[in-house]
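Accompanying notes for the structure given below.
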2 protein chains.
Amino acid sequence: MTQIPSATVTRLIAYLRILTALREQGVERTASDDLAREAHVSAFQVRKDLAYFGRFGTRGAGYLVASLERELQRILGLNRPWNAAIIGMGRLGSALADYPNISDYGFALKVAFDTDPKKIGTTVGGLEVHDMRNLARVVKANAIDIGLLTVPREAAQAATESLAEAGVYGILNFSPVILDAPEGVHIESVDFLAGLKRVSYYLHADQEESDPQAVAG
Amino acid sequence: MTQIPSATVTRLIAYLRILTALREQGVERTASDDLAREAHVSAFQVRKDLAYFGRFGTRGAGYLVASLERELQRILGLNRPWNAAIIGMGRLGSALADYPNISDYGFALKVAFDTDPKKIGTTVGGLEVHDMRNLARVVKANAIDIGLLTVPREAAQAATESLAEAGVYGILNFSPVILDAPEGVHIESVDFLAGLKRVSYYLHADQEESDPQAVAG
DNA sequence: ATATGTGAATTGATTCACAGCG
DNA sequence: CGCTGTGAATCAATTCACATAT
């Protein structure tokens, strides 16, 4: 199959959320227009995105909400359980450990890791904190698929490699660094400092637009 | 000027981080190759991204680390202070309130808001928690530029509109919803549940690739 | 000699228009 | 007749090649 655009994957996740909300509101049918309006994209885009994976609608009638929701879950791999571990139990790791929505769609937080002897052996948000040195063993025992990487930036690359060696092929990276992905490992980054800087750029750009003499020089 | 690609803005932030790290290591000069390798893009891409904003290098010699770092800060609007407020002092808002790196590059957390009477009047991570009903007044008194939106998803759209009315034109949204941006407001989203689902998609896609009969049916 | 800066070529994604099906 | 599904057209972003400056 031709490679799916990364932007399409992001939009499928948005469509899925919209469908879930529609189903919860008791709506049974929808159309590419509706999804487009809610997702802030064009109806062409919605249909093209779906067309990469198959035909899910009925011409003239649109889509069945519940059935398209299931299809998107299947496409996104959300119709099976994923076991996750938190790597780094600082403030962010601890906040994730008891974030309620994380168990949506079968993501199960199983264990946590840290290097700090004061944390190892404690339980945070229901998760036992293990020694990083036992990563490989504990990952195997718990069949961990995904690592949530919340270590300080200096430790992020080494932790990534340890995860890869332990057989964890999916990483959600929260630290503000560009990681080298080991062979076969997929890394997604959630970088709020970068988001903040993007906001800065656009605010700044808007101001220059309304204040043109500042551009000169 | 032609519109800068959004991907370029993201990459400029990456280049800036690399330059800061190089400067801290005492490196004085660099080249588009170096930046490209570190940022995981092509050297063409680095030069094209920079060319949108001017000429910053010396032919044959490359770039001066400190001076290109300053230029990127200026381009991204990071050479001036930005005042930020946290909207919603749940777990995530509280974690942000005492996240140390947030004051990098002149982002200053000034105040927080919540609707819960038990939280209003308290101080979390050095931030006084105000009543959401006083948003407009407190935003003005503190010259808030950016709102970090950490309210539950049901409250996110209303909070966005309150912020816009109060004159806050930059929002970093942490809640897993697609917000309608009011006129003149720039919204960036940091959505870790979406990141997790992207990881799911790619792990799942890799498995189907190595297990082709699963595709049929 | 070397690495930038940039117009031209290419690739890829989005938009469009309409054929196809219910 | 309405709305999906899709090849063709358009638009945008990336890649390339090389002229240019030091």
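Lettering follows sequence order; numbering is per chain, from 1. The basis for the numbers below is simple: all heavy atoms, side chains too, and nothing from hydrogens, waters or symmetry mates. Nothing here was measured: the structure is a model prediction, and the numbers come from that model.
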Query raised in the report: Do the side chains of Ile13(B) and Tyr201(A) get nearer than 4.5 Å, heavy atoms only?
Result: no
Query raised in the report: Distance check: side-chain N/O of Tyr63(B) vs OP1/OP2 of dG5(C), anything under 4.0 Å?
Result: yes
Report summary line: Taken to the nearest whole Å, CD/Gln3(B) to P/dT14(C) is 16 Å
Report task. Whole angstrom is fine here: how far is it from CZ in Arg37(A) over to P in dC3(D)? Result -> 12 Å
Requested in this report: Send over the distance from Arg55(A) CZ to dG7(D) C1', rounded to a whole Å.
Outcome: 14 Å
Report task. Go through Leu16(B) and Glu69(B) one step at a time and tell me if the side-chain contact (heavy atoms from CB on, under 4.5 Å) criterion holds. Result -> CA-CA 6 Å; Leu16(B) 174 55; Glu69(B) 185 191 20; 3.6 Å; yes
Query - For atom CG of Leu64(B) and atom C1' of dA3(C), their distance in whole Å - result: 13 Å
Query - Closest to side chain of Gln45(B), choosing from dT14(D), dT14(C), dG5(D) - result: dT14(D)
Query - Donor-acceptor pair between Thr20(B) and Arg23(B) side chains, under 3.5 angstrom - result: no
Requested in this report: In whole angstrom, give the distance that lies between atom CG of Leu50(A) and atom P of dT15(C).
Outcome: 15 Å
Query - Spacing between Asp49(A) atom CG and dA13(C) atom C1', to the nearest angstrom - result: 10 Å
Requested in this report: Decide side-chain contact (heavy atoms from CB on, under 4.5 Å) for Val46(B) and Asp33(B); before the verdict, give the C-alpha distance in whole Å, the side-chain angles of both, and the deciding distance to 0.1 Å.
Outcome: CA-CA 8 Å; Val46(B) 172; Asp33(B) 289 34; over 6 Å; no
Query raised in the report: Expressed in angstrom and rounded to an integer, what is the separation of Phe53(B) atom CZ from dT6(C) atom C1'?
Result: 16 Å
Without placing hydrogens or testing angles, list every side-chain donor-acceptor pair under 3.5 Å for residues 176-187 of chain A, not counting sequence neighbours.
residue   : atom : partner   : partner atom : Å
Asp180(A) : OD1  : His40(B)  : NE2          : 2.7
His186(A) : NE2  : Glu188(A) : OE2          : 2.9

Query - Letter per nucleotide, 5' to 3', of nucleotides 16-22 of chain D [B base touched, S only sugar-phosphate touched, - untouched; heavy atoms, 4.0 Å] - result: BB-BBBB
Report summary line: Side-chain contact check for Ala7(B): nearest option of dT14(D), dA13(C), dT6(C) is dT14(D)
Requested in this report: Going by the side-chain contact (heavy atoms from CB on, under 4.5 Å) test, name the single residue among Leu148(A), Val151(A), Asp191(A) that passes it with Phe174(A).
Outcome: Leu148(A)
**Report entry** DNA chain D contacts among residues 22-32 of chain A, heavy-atom distance under 4.0 Å
**Finding:** Ala31(A), Ser32(A)
Query raised in the report: Of all residues at least two apart in sequence or in a different chain, which pass the salt bridge (charged side-chain N to carboxylate O under 4.0 Å, His left out) check with Asp206(A)?
Result: none
Query raised in the report: Between Asp34(A) (CG) and dC3(D) (P), how many Å, whole number?
Result: 10 Å
Query raised in the report: Under 4.0 Å: is that the gap between some side-chain N or O of Tyr52(B) and OP1 or OP2 of dT14(D)?
Result: no
**Report entry** Counterpart residues, side-chain contact (heavy atoms from CB on, under 4.5 Å), relative to Ser94(A) (two or more places apart)
**Finding:** Met89(A), Val124(A)
**Report entry** Residue pairs involving residues 143-157 of chain A (criterion side chain to side chain donor-acceptor pair (under 3.5 Å); sequence neighbours excluded)
**Finding:** Gln157(A)-Glu161(A)
